[in-house]
Structures are given as C-alpha cells and as structure tokens.
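To start, the structure itself, in structure tokens.
Below, read A as the first sequence line, B as the second, and so on, with proteins coming before strands; counting in each chain starts at 1. Please read these numbers as outputs of a predicted model, since none were measured by experiment.
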Amino acid sequence: MNTGSVPESAPSIVREIRKLESLLETPENLPESYIVGVGYDGEKRQAFLKLYEPKLHRIFLWYDDTGHKPYCLAQDPISALEANQSIVRHLGFERFEQVKKYDALRDEEIQLVRIVAKDPLAIGGRAYGSIRDMIKAWEADIKYVENYIYDRSICPGMPYQVKKGKLVRVDHKLPSDMVHAVESLLGKESEDYRRLALEWIRLLECPVPEFYRASLDIEVAQDIATRMPDPSMAEQPIICVSLADSKGKKQVFLLKRFGVNEDEEKLPKDAEIHYFEKEEDLISSLFVAISSYPIIITFNGDDFDLRYLWNRAQLKAFNRQQIPVEMGRETATTKNGIHIDLYKFFFNRSIQIYAFGQKYRENTLDEIGTALLGVGKIPIEKSVSELSYGELASYCLRDAEITLSLTEFKEDLVMKLIAALSRISFMSFEDVSRQGVSNWIRSTLYNEHRRRNFLIPRADDIIALKGTTSTEAVIKGKKYKGAIVVEPTPGIHFSVAVLDFASLYPSIIKVWNLGYETIRCPHKDAACKDNKVPGTPHWVCKKNRALESLLIGSLRDLRVNWYKPRSKDKTLSDDVRSLYNVIQNALKVILNASYGVFGSDRFALYCPPVAEATAAIGRYAITSTIEKAHSTGMNVVYGDTDSIFLGNPSPEQLNELIDWSKTFLKMELEVDKRYRYLVLSSRKKNYLGVLPDGSVDIKGLTGKKRHIPEFLKRVFYEMIEILSKVQSTEEFEEAKTKIKGIVKNCYLMLRDRRFKLEDLAFNVMISKSPSDYTKTTPQHVKAAEILSDHGTEVRAGDLISFVKVLGESGVKPVQLATVEEVDTGKYIEYLESTFEQVLDALGTDFQELAGTKKLESFLGDN
DNA sequence: GCGGACTGCTTACCT
DNA sequence: ACAGGTAAGCAGTCCGCG
C-alpha cells in the first residue's frame, strides 16, 4: 500500500488533529451532553460513548469506568464448562459466573453460566475459534455495544453529565400538569404499564438540541464518464471536495490540474474556495476540516465518499493515525465525531413510506432533493474530469448543500426523527440511522428483557416451541392468512362514513396480550388453554403479561392519545407541535411494523403464531363489526382490514356501533372521514371518494399509479377534476358528457400522433439487474436490455422509461424511439382500461362514452 | 404452426 | 431485508386443431 513518500504536510496535520483530539479527552466534569454514538475501543478493550456538548458544539469521548466485559450465557454447569478446554484455554476467555435469569418461553427461573471474555471477538465474529460456536450459547449474537447499552441502562439520544469522571443522567423534569394529564390517560392500567408509559414520556419529551454538522461530498477523476470509481481501489485522484455546514459556512477544495479552465464567474460565490497543487495537501486540509466537525453528513459516505478518502489517503502514504476516519466492514465513522449516511436512512422502506409519504421513488440524491426540497443536482453533460473549476466546484458544492438541507428542512426534521428513533430503540444515532425497523423493534424488546433480567431467547428455541401456523393464506407461498377485504358494492354512494380501528394490530397485541411468551404458553390450566384466538387453535396466557404487549401497547396508546392529538393542537407553539409531529411519526413507523416483524423469519424474535393470531383477531374484529352494523340496519358498502365504509348512517347508528366495539371488542372504533360521495367499482382496493371540501381520495386506480404515462395521468386527473365538482345524481349526467369530450379529444390526439414522446413513456422500476430475470423478460427489462446494448448501464433500482412501439420487441427506451413508431392502439387500450375503472361504477362504459364503436376502430389498421 | 385458456412472474398498490 | 391481499399486464406453456 504505502508506496508514495510521506506527505510534506503530514507533521502539521498530525499537530492540528492532535490539537483537536486533545479537546476530545473528556474533562473530569462535562456539562449536559447528549449520547449520539456508542463504540468499542479494541486497543483499550473498553466501551466508549460519544457525547455531544451542545454549547461548545463538540463531541467528547467518555470511556467505560465499570469494567464491563463481553459475555454470553450457557446452560451447562460450570463443572462441565471448566472441562471444555477449547473454552478455558481460549486466549480471550476470562472467567465463568453463575447467574439467574427468568426464561419467559418456559415461564421459569433458571440458572445459567455467564462466560466472560476479554474482547467481543472471543465470543463471536471470527471465522473460527469463537466461543459461541463451541457450545449452545444464549445472547451471543448481540453486538457488544448493544449489550453495553442494555446492561448499563444507557439511553442514547438522552442528556448526561460527567461529574468527577462519572457518567450521570440528566433529568429534565416534566411539568406537573403534564404528568397529571398523562396519569389520567393511563387510567386503570397495570402498574407495569403505567411505569413504562411514563418512562416513554420521559424519553420522548426531553428536548432535542441543535446539532452542529457539516455535509461532505467528494468528486473523483474519471476515465470513463459512465463508470463509478471503485472506492476500494481509489485509483483516481480526488479532484474536488465540498463541505457545507449548519452555520452557513461552505468550503470547496479543488485540485489544480493541467489544462483545466478557470471559469471564475462559475465558481460558487458564497463559498471559500481552496486550491491545492498537490492532492496530499488537499487531503491534509480536508482532514483538519473534517476533524473540526462533531457530525459529518454524507449521501452514501459509508460505501463511497469516506471509504474512498480512507483508501486514497493510505495510497498517498498517510498512516492510520493521520486519517480522522474509522472504517468498519460496511460503515465509516469519524474518530472525533459521528457520521450519518443519509443514503441508508432515506433508503429505509419504512422511512420512505411512513415518514415521507412515498414522495420520492428512486433513492438518488437528485430525486430525494427534488421531491423533498425542490432542489436537484446540477445537471452536467460531460464527466466531472472535463468540467472547469467553476463548474466542478458548483456541481460538487450543490451535492453537499442538498445533503445538508435534507437534515435541515422542516426545522431539522430528520435530526429530530433520528433522535426520537434512537430514544425509542436504545440505539446510537449512527446505528439507528443505518438499521431497519425490525432491528429497532428488536433492540427495544432486548432492552426491556435485560431491564427485567429476562433471558433473551434464541430464535431456534422460539421456533421449536412455538413454530406452528394453522391458517392457509390466500396468496400462494405465504405463511398464514392475512386481512379481509370486503366485497365492494359497485355504484355511487352518497354520504359515506368511514370507520376504522385506531392502530388495529398494535391494539390487538395490547388487548389480547400477544407475545412469544404468551401465545401457546406452557401452562396446563384451562384458564390459559381456553383463552382461544378466534379462527385458530392458538391460546393465550392468562397468568403473565407479554413484554411485547406492554411495550407496543404503551407506545400505541401514547401515539393515539397523546402525541397525535397534540401534533394538531393549535394552542401549542409551532415548535412544540412540530416536535410532537416528528415523535408521532416515529411512533407510527415503529407501530406499523410491530405486527409484521413477528411474521418475518429475519426478525430475532420471529414467532409465526403471534403474527397469525394478530391477523386472525383482526379478521374477527372486522367481521363481527360488520355483522353488528348489519343488525343495526346499516349498509356496509366496503371495508379493508381495519375499516368499514357505511352508506348514509345516522349518528345514532354510528354511536351504537362505536360503543359496541368499545364494550365487546375493547377496541377503539372511530369515524375517520366522511365522503360526500364514494365511487366503487367491483374491484377491491380501488375507489374514489370525494370529501366535503371537494378534495378527492383516489385509491388504487390505474390513473394514479406512478408508472403510467404522463398523458394518461393528465386525462385521468381532468376527469377527477370534473367529478370532484359533482354534488348530486343529476349532475353526474353533465359530468359524463364532459368526460366524453375529454376522452374523444384524447384519442384524436393519439390517432393524429399529436403528442410528445416523453408523455407516452411508462416508468417502471427495475428491481434486479437485467441479467437476473431468468423466468420471464418483462417489457421494462426488454427496454433495459436495449439500453445496455446502447452503452447505458442499468442497475437494480433504476427507473426504466420506455414507450410501446410497433414491431418485434413491442417496446423501446424512450430515448431511442420516434413518434412515428408508437403503437397507438396499445395506448388506446390503456386509455380504455384506465377510464373503465371509474366509468363502470358510474354505470357507463367506454363504448357508450365514445359512441357505439370501440375506439380502436376509429384508428383503422394503425 | 396458431390461437385460446391457463399459470406464473412482475410491478404497483392498499391496509 | 415488517406482514398479507388485490389489480393489471404480460410472458410462457399447454392443448387442441384431423
């Protein structure tokens, strides 16, 4: 590796970085600081915390002072373990300790042996020679820093102080009226539940500081414009780096290269521009700058920017002490701060859907920036190597600015969201922003197990004792039966009330006491065995309360009864409201996944009957509610999973149903919304509802789907616009005439080929690399293959734009097609089916609308 | 060899 | 790397057709 000579600037940068590092040594006394990172120092063999001090805007490291050590648990007696030479003589072995734990799976106290090790790798993580592979071990797959957090009751994201070297929790007292309000909400819940709920409130109500941070983006010289440089090789020079920080400072580091055009007027005006003759000097200066920030934000820095920098610096003869970056196998962090990689955070499906409402489709900086901020990347025609200094600096800085802005918009929403998720899941900012929802839930549950001295069960033990499902899924290949969708009554329904259960599945988990411990519990008594889950052979424990039920239940109740109402409460200040909105969104993300994880074999506490029971009780709840509605004389026109749509119910009828649900199901049924009218076809998950204010809910209709051509979407929304104005049955006739006009016009445009090609493009996401489609070759894959043949690389996750054309293949990438070859007949078919979904509910069909003939016949032979 | 009935694959959506 | 249920379009296969 270290081939070049030691950079001349090395001594000075070491001095600079040392100076900054000395600031990191935690003083004997540290004022209120927030835990944002938790790590393990392999040399010192100690866990450490990264504490963010909000007044100095700096991160301090605090090293564990309790001698906490890695360990796992075994069931064999100590004598047997002592005879096991591979353990006792293991270099990392330290000692055995006798411990008592509660085994929730079997409902009994048990004796275990704690095998304490000198370092985490001795327990597990090595290819061979790990203690956990030598015996049946418990709690051996938990990352060491997580063990540390749980065992020391540390709450990441929360404020602490250091007093005389000791770590001390800082308590922000809750206002007493708040405590009273929460107490009264909790009503007659159990002591356990109340304590938990108050603890959540303590964590979630605690203020979140402002985080000083900088975004980083690097550009690397390229030979071939389309190929991404390989960060593990780091062969090409770094030619430009931008930093944009939350105090407004912007810096661009440019490498001087032969023959590059200055282009001064294109240089960003509000940034400091630093030129470097040598790449080594650029890197040195950059390292000093990076070291001065407590938080570095990147977009894909784990896999690219920081990894490239790290490898490039070593190629340029920097030694590891000189590089302020710490590389993990899949992650990168800064030595004296933390690194948040937004690519991973925004890629998270739950975050995409529940926190950002699927506003962005492709996980690229350009797409996310455009969707959330209205600012995209600066388009460039050539490779970055060919840009002038001005163009390059502007391009690179824009990326850094977008990256920073993604953490700043809506009053630092993303930072607050990460903080809230960190507090709920007991994971550091760095971990929580990189992991998915199943790991957040796992961590929340693990933490509670430790707090109560419950043994954390092994996945294979849960399956061996509770692995069975008994219902049959509608969809082939699924493990168990899911939700019910009520057959819609086609037609137009006026004055529809939509009722739904507030967080149905979390409510079920709470009310029915579901958890891996309680489903099919080991007790022989009739009390438990007779407590059957409707529609399944499963029973639920009557003796003990499941941790999952307590945790998910309390989080649900806080969201529904506390955070959600307060996020809309106009009497609260904007700041408080927006923080509450972030919290209720964080809770939503977690609650929405809280049932699904039990049905996912990748979840550490995977327990199929828990998931199956939850869905079964959901079916029971909706079917019995529908029966009750019928018996009260109401007209149920539709329903899906947790909702029922009622045609013109009286207020008395509604109240009766809601009261009934509360009494008999112990579930909160509420009026979610009302439609002036609702248009239903015979298709499930497909409807159009007009709200009192004229706004329109569109669900599942083709006209709304993202992949369909723009031109179809336009006519579809023209139709919606007309329908939204309709007030009565009579007005539908007028509406139909207008719609007829639109459609006629539309097919004439198609016939005469009066359209822009891009408006006819389908945009379909390709989920795998084209060569991985072995069973069939769908049209978008065909188009992708044509693209590859023309030298445009296609990767999983790309959006493929193609038009339907006449001829052999049937499709062409939009870039390569012409207006003349478009298969207009196909588009007419699409027009028909898109409109049919709405029209057959209006009692019309396409032929009637367009005259007597099929539209295609107007077009002749094409 | 061709077309219709069928199944399976794929994507996008709903809760 | 949370679940199952539904719609739509197309690819591929099977079968009958003297």
Side-chain angles (χ1 to χ4, degrees), chain A residues 344 347-354 358 361 434-442 469 471-488 498 500-501 503-506 509 552 589-608 610-616 618-619 621-622 638-645 672 681-687 697-708 762-768 772-782 784 799-800 804 809-811 826 829-830 832-834 836-837:
Chain A
K344 294 224 168 111
F347 190 70
N348 183 316
R349 284 267 306 159
S350 303
I351 294 293
Q352 249 171 73
I353 297 170
Y354 300 116
Q358 279 182 306
R361 263 236 288 177
R434 285 171 173 80
Q435 306 269 319
V437 65
S438 73
N439 274 318
W440 302 339
I441 295 172
R442 173 189 57 79
T469 54
T471 56
E472 205 183 316
V474 173
I475 305 171
K476 225 189 263 177
K478 298 287 185 185
K479 286 169 288 216
Y480 58 88
K481 197 173 177 63
I484 283 180
V485 187
V486 180
E487 203 65 55
V498 180
D500 69 3
F501 293 101
S503 319
L504 176 69
Y505 289 157
I509 291 170
I552 295 165
V589 170
I590 289 188
L591 291 168
N592 272 327
S594 64
Y595 134 79
V597 291
F598 289 103
S600 161
D601 57 11
R602 280 128 166 163
F603 180 55
L605 300 171
Y606 172 51
C607 189
V610 169
E612 183 180 37
T614 312
R619 293 193 299 274
I622 189 172
Y638 181 59
D640 186 349
T641 312
D642 62 352
S643 63
I644 58 172
F645 291 51
D672 179 36
S681 70
S682 57
R683 299 164 187 83
K684 294 171 171 180
K685 298 183 188 280
N686 259 264
Y687 61 84
D697 273 352
I698 302 162
K699 301 290 178 181
L701 301 181
T702 304
K704 175 187 169 175
K705 295 197 175 180
R706 314 260 257 217
H707 72 282
I708 73 154
F762 288 84
N763 297 288
V764 178
M765 170 89 74
I766 188 160
S767 66
K768 302 184 277 195
D772 293 340
Y773 289 81
T774 51
K775 288 165 180 143
T776 58
T777 311
Q779 295 194 322
H780 66 293
V781 179
K782 256 184 221 161
L799 219 48
I800 308 295
K804 307 220 176 200
S809 67
V811 292
K826 273 271 179 268
E829 276 175 39
Y830 257 91
E832 277 191 47
S833 68
T834 304
E836 211 104 75
Q837 288 179 347

Would you say A:Ser438 reaches C:dC2's phosphate, i.e. side-chain N/O to OP1/OP2 under 4.0 Å?
yes
For B:dT10, take OP1 and OP2 only and decide whether either is under 4.0 Å from a side-chain N or O of A:His780.
no
Using the test salt bridge (charged side-chain N to carboxylate O under 4.0 Å, His left out), find all partners of A:Asp640 that sit at least two apart in sequence or belong to another chain.
A:Lys685
Base, sugar-phosphate, or nothing for A:Gly482, non-hydrogen atoms under 4.0 angstrom?
sugar-phosphate
5' priority, DNA chain B, between A:Asn763 and A:Lys476 [closest heavy atom]
A:Lys476
Considering heavy-atom distances to DNA chain C, does A:Tyr480 or A:Lys684 have its closest nucleotide positioned more toward the 5' end?
A:Tyr480
Just N and O in the side chain of A:Arg683: are any of them under 4.0 Å from OP1 or OP2 of C:dA8?
yes
Could you work out which one of C:dA7, C:dT6, B:dC14 sits closest to the side chain of A:Lys699?
B:dC14
What's the closest nucleotide to the side chain of A:Lys705 if the choices are C:dC2, C:dA8, B:dC13?
B:dC13
Picking from C:dA8, C:dA1, C:dC2, the nucleotide nearest the side-chain atoms of A:Ala593 would be C:dC2
Residue A:Lys768, side-chain atoms from C-beta onward, closest of C:dT6, C:dA8, B:dT10:
B:dT10
Value in whole Å for how far the P atom of C:dG4 lies from CZ of A:Phe603:
15 Å
Choosing from B:dT15, C:dC2, B:dA12, which nucleotide comes nearest the side chain of A:Met765?
B:dA12
Protein-proximity profile, nucleotides 10-15 of chain C, B/S/- by nucleotide at the 4.0 Å heavy-atom cutoff, equals SSS---
Of the nucleotides C:dA7, C:dC2, C:dG5, which one has an atom closest to the side chain of A:Asn686?
C:dA7
Between A:Val474 and A:Ser594, who's closer to the 5' end of DNA chain C by nearest nucleotide?
A:Ser594
So, is A:Tyr687 close to the B:dT15 phosphate, meaning a side-chain N or O under 4.0 Å from OP1 or OP2?
yes
Could you tell me the separation between the CG atom of A:Leu799 and the CE atom of A:Met765, rounded to the nearest 0.5 Å?
6.0 Å
Please report the interatomic distance CD(A:Glu487) to OH(A:Tyr638), rounded to the nearest 0.5 Å.
9.5 Å
Nearest whole angstrom, please: distance from the P of B:dT10 to the OH of A:Tyr773.
7 Å
Measure from OH on A:Tyr595 to P on C:dG4 and round the result to the nearest Å.
6 Å
Over 60° means perpendicular and under 30° means parallel, so tell me whether A:Tyr505 and A:Tyr595 are parallel, tilted or perpendicular.
tilted
Starting at atom CG of A:Asp697, determine the distance to atom P of B:dC14, rounded to an integer number of angstrom.
10 Å
Value in whole Å for how far the P atom of C:dA3 lies from OH of A:Tyr606
9 Å
Under 4.0 Å: is that the gap between some side-chain N or O of A:Ser833 and OP1 or OP2 of C:dG9?
yes
Would you please name every residue forming a side-chain hydrogen bond (donor to acceptor under 3.5 Å, both in side chains) with A:Ser681, sequence neighbours left out?
A:Arg683
Whole angstrom is fine here: how far is it from CZ in A:Phe347 over to P in C:dC2?
11 Å
Under 4.0 Å, counting only non-hydrogen atoms across every strand here, what does A:Arg602 touch: a base, just sugar-phosphate, or nothing?
base
Categorize A:Gly599 for me: base, sugar-phosphate, or nothing, with a 4.0 angstrom heavy-atom threshold over every strand shown.
sugar-phosphate
Side-chain N or O of A:Arg442 closer than 4.0 Å to phosphate OP1/OP2 of C:dC2
no
Report the distance from atom OG1 of A:Thr702 to atom CD of A:Glu836, rounding to the nearest 0.5 Å.
11.0 Å
The criterion is side-chain hydrogen bond (donor to acceptor under 3.5 Å, both in side chains); which residues satisfy it with A:Tyr606, sequence neighbours excluded?
none
Just jot down the side-chain hydrogen bond (donor to acceptor under 3.5 Å, both in side chains) partners of A:Arg619, sequence neighbours excluded, or say none.
none
Can you list everything that forms a salt bridge (charged side-chain N to carboxylate O under 4.0 Å, His left out) with A:Lys479? Sequence neighbours excluded, please.
none
Phosphate OP1/OP2 of C:dA8 contacted by A:Gln837 side-chain N/O (<4.0 Å)
yes
